[in-house]
Every structure is written in C-alpha cells, then in structure tokens.
Amino acid sequence: ITFFILVFNVSPGTEVGIINVQDRDSETNKQVRCSIQQNAPFKLVPSIKNYYSLVTTGQLDRELLSDYNITITATDEGSPPLSSSKTVQLSVADINDNPPVFEEQSYSAYVTENNKPGSTLCSVTARDPDWRQNGTVIYSLLAGEVNGAPVSSYLSVNGDTGVIHAVRSFDYEQFRSFKVHVMARDNGSPPLSSNVTVSVFISDVNDNSPQILYPSPEGNSFMTELVPKAAHGGSLVSKVIAVDADSGQNAWLSYHIVKSTDPGLFTIGLHSGEIRTQRDISESDSMKQNLIVSVKDNGQPSLSATCSMYLLISDNLAEVPELKDISYDEKNSKLTSYLIIALVSVSTFFLTFIIIILGVRFCRRRKPRLLFDGAVAIPSAYLPPNYADVDGTGTLRSAYNYDAYLTTGSRTSDFKFVTSYNDNTLPISTPPFSVPWC
Ligand SMILES: *[C@@H]1O[C@H](CO)[C@@H](O)[C@H](O)[C@H]1NC(C)=O
Ligand SMILES: *[C@@H]1O[C@H](CO)[C@@H](O)[C@H](O)[C@H]1NC(C)=O
Ligand SMILES: *[C@@H]1O[C@H](CO)[C@@H](O)[C@H](O)[C@H]1NC(C)=O
C-alpha cells in the first residue's frame with residue numbers, strides 16, 4: 001500500500017505523518033526497528049509503542065521538489081531478521097510564496113515619432129513558479145505622470161500578455177524619452193507583485209522643415225543689406241540664419257543660392273549660410289542685387305525653405321529710396337485691398353441674392369409656373385428630387401431659377417433672374433440683371 005500525504009511548505013521539525021508498525025511474533029522476534037532512506041528530508045521519531053512520527057528535517061519547497069516517495073523499512077530483531085517496506089507518497093502543496101519576477105532588469109522600447117496610436121512598442125514578461133492562480137501573472141501600468149499627463153494616456157499594457165502599446169502618436173520635438181513602471185501581480189490571495197521600469201525612446205523623423213530666422217521670410221522686405229562699393233572678393237556681406245526643430249541629420253542644414261541677379265557675384269557658405277562676394281565689386285555691377293536662397297535639411301527625404309535677400313551695392317544710405325523699386329510691397333498691399341473690396345462686394349451680392357430667393361419663395365401662393373429662359377428641357381432623371389417634374393413635360397419647374405453664364409470675350413458675367421408668377425400673371429421674361437465682374 002502507498003500512503004498519500006499532502007503537506008504545505010513547512011519549516012523543519014514539523015510532523016507530517018504517524019506510522020504504526022506491527023509484528024505478530026513474540027519476544028525479540030517482535031522487536032521492530034524502522035528506518036527510512038537517507039536522501040529525503042525526513043526522519044522517523046519513535047513515539048509511543050509501535051508508533052513513529054514522520055518529521056521533516058529541512059524546508060520543503062514545492063517549487064524545488066513537489067513530490068517525495070518515502071520508503072520506510074521495518075526490521076525485526078529475530079534471527080534471521082525479517083523485514084518489510086512501505087512507500088509513502090508525499091506531495092507538497094503550494095502556497096503563494098513567490099512574487100512574479102521579470103525576465104529583464106529593465107526594458108527599453110524604441111519608436112519613431114508620428115507612430116500610429118495603438119502600435120506595439122515592446123512586451124514584458126514575468127514568471128511566477130507558484131501553482132495555478134498563485135502563479136498567474138497580471139500586468140498593469142503603475143500610475144504616474146509623463147509631462148504632466150497620466151501615463152495611461154501614453155501607453156497601455158495588455159494585462160494577460162504584457163504587450164505594451166502606444167496610446168497616442170509621439171512627437172520627438174515634444175519629448176525624446178520617458179519612463180513608465182509596469183507591475184506584474186499574481187492572482188494569489190494575498191497577491192504578490194513586482195515592478196519594472198520601461199524606458200521609451202522616441203526617434204526623430206524629418207517632419208520639420210528648416211525655419212529661416214533671417215532674413216525674415218514674410219516681414220517687410222526693406223530688410224536690405226548694404227554692400228560697400230569697395231568690397232573685395234570674399235567679403236562677408238550677410239548671413240542667412242535658419243534653424244530646424246528636428247535633430248541630427250534631419251536638422252543639418254545646407255544653404256544654396258537658387259537664383260540671383262548676377263550669378264557670379266555672390267556665394268553662400270554651404271553650411272554657414274554666410275553670403276560673401278565672389279569677386280571685387282565693379283562699377284558695372286547692378287546696384288540692386290536679389291538672391292533667392294534655399295535652405296535644405298539633410299533628412300530623407302529632405303525638407304527645405306526659401307527666402308529672398310535684397311542687397312544694395314552702395315556706400316550711401318541716401319541712395320536707399322531706390323529700394324522702393326526692389327520691393328513692390330506697397331503695390332502688393334494696394335492689390336490686396338482691391339482684392340478684399342472685390343471679395344466683400346461679391347459676398348454681399350451673393351447674400352442679397354439668397355435673401356431675394358428666400359423672399360420669393362415665401363411670397364409665392366401657389367405653385368408658380370416657371371419660365372425657363374432658353375427653354376432647355378432637362379430630362380427628369382437628371383433633376384434633384386426636390387425639382388420634381390410635375391407636369392411631365394420634362395421642363396424644370398421651380399419657383400425660381402437662374403442662369404449664369406460668362407459672356408465670351410469679356411470679363412463680365414450676367415445673371416439672369418426669372419421671377420415667379422402667379423397663375424393670373426402672364427409669364428414675362430424680366431430683363432437680364434447684369435453684374436459687372438471685376
Ligand atoms: C513516486 O512513485 C510513483 C509511483 O509509485 C511514481 O509515479 C512517481 O514518479 C514517483 N515520484 C518520485 C518523485 O520518484
Ligand atoms: C495559493 O496559495 C494559498 C496560500 O498562499 C493557498 O491557500 C492556496 O491553496 C494556493 N492555491 C493553489 C491553487 O495552490
Ligand atoms: C517597485 O519595486 C521596487 C523594488 O523592486 C519597490 O521598492 C517599490 O516599492 C515598488 N513600487 C511599487 C509602486 O510597487
């Protein structure tokens with residue numbers, strides 16, 4: 001027979017079972033000695049007559065060894081001695097004595113900025129050698145803040161798998177890395193847990209074009225550099241200053257002159273942006289020089305920005321009034337005001353038009369007869385549903401309609417209005433209402 005004993009992780013010296021031995025002989029033949037194999041952490045302690053206690057001699061750890069087969073041999077004192085043995089099967093039951101342990105000391109995740117929300121960053125794994133729910137690991141984010149926002153608005157962790165997802169798109173220009181803590185908890189009661197640091201590193205994408213600080217890209221173009229007439233070749237004349245919010249190659253800027261009044265006169269430092277004369281200024285050089293400079297970053301693909309630089313070859317600021325020729329800003333602003341006036345008039349006209357239409361709609365008593373100027377019959381299939389072809393002629397019926405066309409050869413467009421009629425009114429075409437178009 002094998003006995004079956006179930007014990008919990010117990011300390012040394014704990015009695016885990018009682019063994020009773022019997023021998024039906026008499027005298028010395030009845031004296032019995034019990035022994036146990038030496039390699040198990042148990043011993044037999046004689047108790048009252050014919051009884052032995054099975055006592056542990058060391059700590060039992062289910063996670064090290066969960067089952068023992070203990071063979072107990074009983075030998076009598078007879079001559080020759082007789083013996084018999086029995087095996088006791090002992091199982092160590094689990095207690096929740098192991099917290100989950102992460103496989104790594106810390107985790108790092110690398111992600112390129114502008115990632116899709118929901119993309120997988122990395123996964124963490126923790127092991128718990130305990131049994132069943134005592135060894136079932138559940139992952140969660142420890143509460144914390146990244147840049148003042150809760151970590152849960154940046155990352156989420158799958159409780160069962162430990163896979164970490166980005167909740168939002170990251171911007172390298174906002175922050176380049178952050179840390180969160182992930183906790184692994186087992187399902188025991190009470191639960192045990194441990195935590196690990198996950199560092200997220202965001203890498204740069206070339207998503208910012210160079211920004212030109214000088215000359216100001218859309219400022220008043222009176223930002224003009226004076227170049228002395230006596231300037232020799234190689235003289236520093238001006239400098240284009242640009243920055244790029246990206247980093248590394250994505251922010252490594254190069255400067256090129258893409259257009260200039262006199263291509264041989266000025267050069268620009270490829271990486272410095274310094275504009276220098278390439279040769280001595282001569283009398284024949286035009287006084288007003290205009291350069292268009294392109295600033296490119298070294299990203300893949302690269303982004304660029306351009307600016308104009310106005311240079312005036314002159315020793316005398318009194319000559320500056322001539323600048324008006326270089327810059328046509330004033331003209332531009334006049335043009336802008338004309339455009340605005342034109343836009344406002346068109347909008348006003350359009351609003352009036354809508355109001356008239358609404359007024360006409362409200363005022364009509366019955367379904368008025370439509371006079372379609374030009375009498376174009378439109379197949380009803382092409383009409384929107386609210387323009388139902390009521391009398392079956394295929395003629396568009398509505399309270400109003402207008403026919404706009406551009407007269408060829410002139411920049412004038414005419415709007416023809418067709419007013420609505422009562423039944424007792426004769427359909428008369430109103431004279432076309434012309435609007436001069438600017
Ligand atoms: C104990 O014995 C049983 C059968 O007698 C066997 O299945 C089991 O593997 C043994 N366990 C150990 C730890 O030796
Ligand atoms: C888990 O451990 C607790 C003690 O911590 C114990 O009572 C329970 O039986 C264990 N559960 C299992 C499935 O072993
Ligand atoms: C995280 O674990 C460390 C030790 O690994 C511990 O000192 C700390 O209290 C834990 N933090 C939390 C919030 O559980």
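Both ligands and their constituent atoms are indexed starting at 1 by order of listing.
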Exercise for the section: Flag atom 4 (C) of ligand 3 as yes if some protein heavy-atom distance to it falls below 4.0 Å, otherwise no. Expected result: no

Exercise for the section: Considering the heavy atoms of Asp67, write down every atom of ligand 1 situated less than 4.0 Å from one of them. Expected result: 13 (C)

Problem - Distance-only side-chain donor-acceptor flag, Asn187 / Asn134, under 3.5 Å - result: no

Problem - Ion pair check, Arg185 and Asp128, cut-off under 4.0 Å - result: no

Exercise for the section: Could you say whether the N/O atoms of Asn69 and ligand 1 ever approach to under 3.5 Å? Expected result: yes

Handout entry: Polar atom proximity, Asn134 to ligand 2 (N or O, under 3.5 Å)
Key = yes

Handout entry: Any protein heavy atom nearer than 4.0 Å to atom 11 (N) of ligand 3
Key = yes

Exercise for the section: Please tell me if the side chains of Leu44 and Leu54 come closer than 4.5 Å, counting only heavy atoms from C-beta onward. Expected result: yes

Handout entry: Residue and atom name of the nearest protein heavy atom (relative to atom 6 (C) of ligand 2), distance in Å to one decimal
Key = Asp94 O, 3.9 Å

Practice task
Can you label the angle between the Phe170 ring and the Tyr154 ring as parallel, tilted or perpendicular, going by 30° and 60°?
Solution key: parallel

Exercise for the section: Verify the contact flag for atom 14 (O) of ligand 3, where contact means a protein heavy atom under 4.0 Å away. Expected result: yes

Problem - Interatomic spacing from CE in Met183 to OG in Ser193 - rounded to 0.5 Å - result: 5.0 Å

Problem - Passing option when Tyr52 is tested against Ile18, Val45, Val21, Ile72 for side chain to side chain contact (heavy atoms under 4.5 Å, CB included) - result: Val21

Handout entry: Residues Asn250 and Asp244: side-chain donor-acceptor under 3.5 angstrom
Key = no

Problem - Backbone of Asn69 reached by a side-chain donor or acceptor of Gln89 within 3.5 Å - result: no

Handout entry: Heteroatom distance test (Asn96, ligand 2): nitrogen or oxygen, under 3.5 angstrom
Key = yes

Problem - Top protein contact for atom 8 (C) of ligand 3, by heavy-atom distance - result: Asn195 ND2, 3.7 Å

Problem - For Trp131, the ligand 2 atoms whose distance to one of its heavy atoms is below 4.0 Å - result: 12 (C), 13 (C), 14 (O)

Completion exercise
One finds that the ligand 2 atoms under 4.0 Å from a non-hydrogen atom of Arg132 are 13 (C)

